[in-house]
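Below is one structure, written out as structure tokens; comments come after it.
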There are 2 protein chains.
Amino acid sequence: METTTTVREQILDHAITLIMLRGYNGFSYRDLSSLVGVKTSSIHYYFPSKDDLVLEAVSEYSKEVLNALHAVDASLSADAKLSKYAKLFGRTLGDGNQICLCGMLAADIESLPDTIRQAVQAFFKANESWLAKVLAQGAQEGTLAVNGKPDNAARALFAAFQGSVLAARLFHTKARLEDVEASVRIAR
Amino acid sequence: METTTTVREQILDHAITLIMLRGYNGFSYRDLSSLVGVKTSSIHYYFPSKDDLVLEAVSEYSKEVLNALHAVDASLSADAKLSKYAKLFGRTLGDGNQICLCGMLAADIESLPDTIRQAVQAFFKANESWLAKVLAQGAQEGTLAVNGKPDNAARALFAAFQGSVLAARLFHTKARLEDVEASVRIAR
DNA sequence: GTCTATACATTGATAGAC
DNA sequence: GTCTATCAATGTATAGAC
């Protein structure tokens, strides 16, 4: 099957990859130009400013991740759901030393306009709320160790995942992600 | 008392602040030039390349933070030590939307030479090992909820602190740091 | 040590031909 | 839509006078 990929889509995909690798200030239209094979002026045709491009990158990335979360089988046990989540978070790491796009942009947030901040905030909230449900389920099942209220614990857990991909890439090991998973899983 | 501050120290201090605010690719010698009041060529006199400057920034920052950790009263209870740590982590936030310098550089790590990677790794390890001791103490005292081995839990906890300062700045609230503290503190 | 002057590449962005 | 051509601004860095 032949999948048609428009130039616009290629630009956006490579932009997402580059942001996850080097951050907002670490890639340029020229980088995209050589990756996609069109001139920088053509990129400006699709995305007039860099902020336009990044905002769309956040939207696209968020859509993909949230779709993946929604696709997790609701009938699974809480600790199984958490494993899926950890795998999702670590996937990009192995392929190319990338971290979560929204975690990266959170680091770059002081260089970015408010529109992007809001989009990144929305991504954080969606993940935290998904994790809160999983933690609540895990507490009820007795499969996950939840200290305090699920909402608070979910925010702490999401932060731990964000921090752990940073460390995983820094140390070239996925073990850091497993540490986070282990910190809430009840040993059997 | 008159504290003499050399130009070199001023450059380094402002560099640390700027890295914590905008990251490696988000500040320039020109920024430092206008902050310190010397020309960029003078900055090159002290720090020939930007990487030299950043490496020294990591050393200086690490020294300060580790000194602060060492200064925490050893006779305190584990949860009191954890409070001190959280406060330490959140301090820079309030003053100017800064996050941990080494957390920021971990995000920028793909743009940096290996010397800096090693320095950032050392900072991570030192913090994780300090936290591991606190968690072990807390488990014994019954003041902290530690799931699994202290070493693993400490890495997860440090990641949570790193992630939570990102979120705290993103949402303009220190509550995210308190969530992390609450996730390990046993309610009384 | 600090400056002036400058080199030289890269950056995001625009105008206009095709 | 994609290109060529060009822009002004910014980036790190160096040479050499004082």
Side-chain angles (χ1 to χ4, degrees), chain A residues 3-58 101 104-105 107-117, chain B residues 3-58 60 104-105 107-117:
Chain A
T3 305
T4 309
T5 314
T6 66
V7 169
R8 192 194 149 86
E9 286 166 346
Q10 289 181 59
I11 296 170
L12 203 49
D13 283 353
H14 279 110
I16 290 174
T17 300
L18 284 175
I19 295 170
M20 293 169 76
L21 190 64
R22 287 192 237 125
Y24 175 78
N25 292 306
F27 82 100
S28 69
Y29 272 51
R30 178 180 298 192
D31 294 330
L32 290 171
S33 169
S34 51
L35 282 169
V36 178
V38 296
K39 299 297 175 182
T40 61
S41 49
S42 300
I43 304 178
H44 279 286
Y45 168 78
Y46 294 104
F47 307 97
S49 81
K50 199 178 180 183
D51 287 345
D52 293 326
L53 172 60
V54 173
L55 185 57
E56 286 223 41
V58 177
L101 181 135
M104 178 62 91
L105 292 182
D108 293 333
I109 203 68
E110 297 297 318
S111 307
L112 297 166
D114 200 58
T115 50
I116 296 179
R117 183 188 289 260
Chain B
T3 305
T4 308
T5 314
T6 67
V7 169
R8 192 194 148 87
E9 286 167 345
Q10 289 181 59
I11 296 169
L12 204 49
D13 282 353
H14 279 112
I16 290 174
T17 300
L18 283 175
I19 295 170
M20 293 170 76
L21 190 64
R22 286 191 236 126
Y24 176 77
N25 292 306
F27 82 101
S28 69
Y29 272 52
R30 179 175 298 186
D31 294 330
L32 290 171
S33 170
S34 51
L35 282 170
V36 178
V38 296
K39 298 296 175 182
T40 61
S41 50
S42 299
I43 303 178
H44 280 285
Y45 169 77
Y46 295 105
F47 307 98
S49 80
K50 199 177 179 183
D51 288 344
D52 295 324
L53 173 59
V54 172
L55 185 57
E56 286 223 43
V58 177
E60 176 67 20
M104 178 62 92
L105 292 182
D108 292 334
I109 203 68
E110 297 296 319
S111 307
L112 296 166
D114 199 58
T115 49
I116 295 179
R117 182 188 289 261

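Lettering follows sequence order; numbering is per chain, from 1.
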Worksheet item: Hey, what do you get for CG (A:Asn25) to CG (B:Asp108), rounding to the nearest 0.5 Å?
Response: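 Reported value, rounded in 0.5 Å steps: 8.5 Å.
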Discussion item. Just verifying a value: how many Å separate A:Leu35 CG and A:Thr17 OG1, rounded to the nearest 0.5 Å?
Written reply: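 OG1 of A:Thr17 is found 8.5 Å from CG of A:Leu35.
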Practice prompt. Just jot down the ring-ring contact (aromatic ring centres under 6.0 Å, His included) partners of A:His44, sequence neighbours excluded, or say none.
Written response: A:Tyr29
Worksheet item: Which heavy-atom pair separates A:Ile11 from A:Leu32 by the least distance, and what is that distance?
Response: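 Shortest heavy-atom contact: O-CD2, 3.9 Å.
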Worksheet item: So what is the 5' to 3' dot-bracket string for DNA chain C, if pairs are Watson-Crick or G-U wobble with both distances under 3.5 Å, crossing pairs use [ ] and | means the partner sits on another strand?
Response: |||||||.||||||||||
Worksheet, complete the sentence: Counting primed atoms, P, OP1 and OP2 as sugar-phosphate and everything else as base, the B/S/- map of nucleotides 9-18 of chain C against protein heavy atoms under 4.0 Å is -SBSBBB---
Item to complete: Kindly state each residue pair satisfying salt bridge (charged side-chain N to carboxylate O under 4.0 Å, His left out) with at least one member in residues 27-54 of chain A, sequence neighbours excluded.
Response: A:Arg22-A:Asp31
When the distance from [atom1] of [X] to [atom2] of [N] is rounded to whole Å, what number comes out?
{"X": "A:Arg8", "N": "D:dT2", "atom1": "CZ", "atom2": "P", "value": "12 Å"}
{"X": "A:Glu9", "N": "D:dG1", "atom1": "CD", "atom2": "C1'", "value": "15 Å"}
{"X": "B:Leu32", "N": "D:dA13", "atom1": "CG", "atom2": "P", "value": "12 Å"}
{"X": "B:Lys39", "N": "C:dT4", "atom1": "NZ", "atom2": "C1'", "value": "9 Å"}

Partners of [X] by side chain to side chain contact (heavy atoms under 4.5 Å, CB included), sequence neighbours excluded?
{"X": "B:Thr4", "answer": "none"}
{"X": "A:Ser33", "answer": "A:Thr40, A:Ile43"}
{"X": "B:Leu12", "answer": "B:Phe47, B:Leu53, B:Glu56, B:Ala57, B:Glu60"}

Worksheet item: Hey, does the side chain of A:Tyr45 come within less than 4.0 Å of D:dG1's phosphate (OP1/OP2), counting only N and O?
Response: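 Result: yes.
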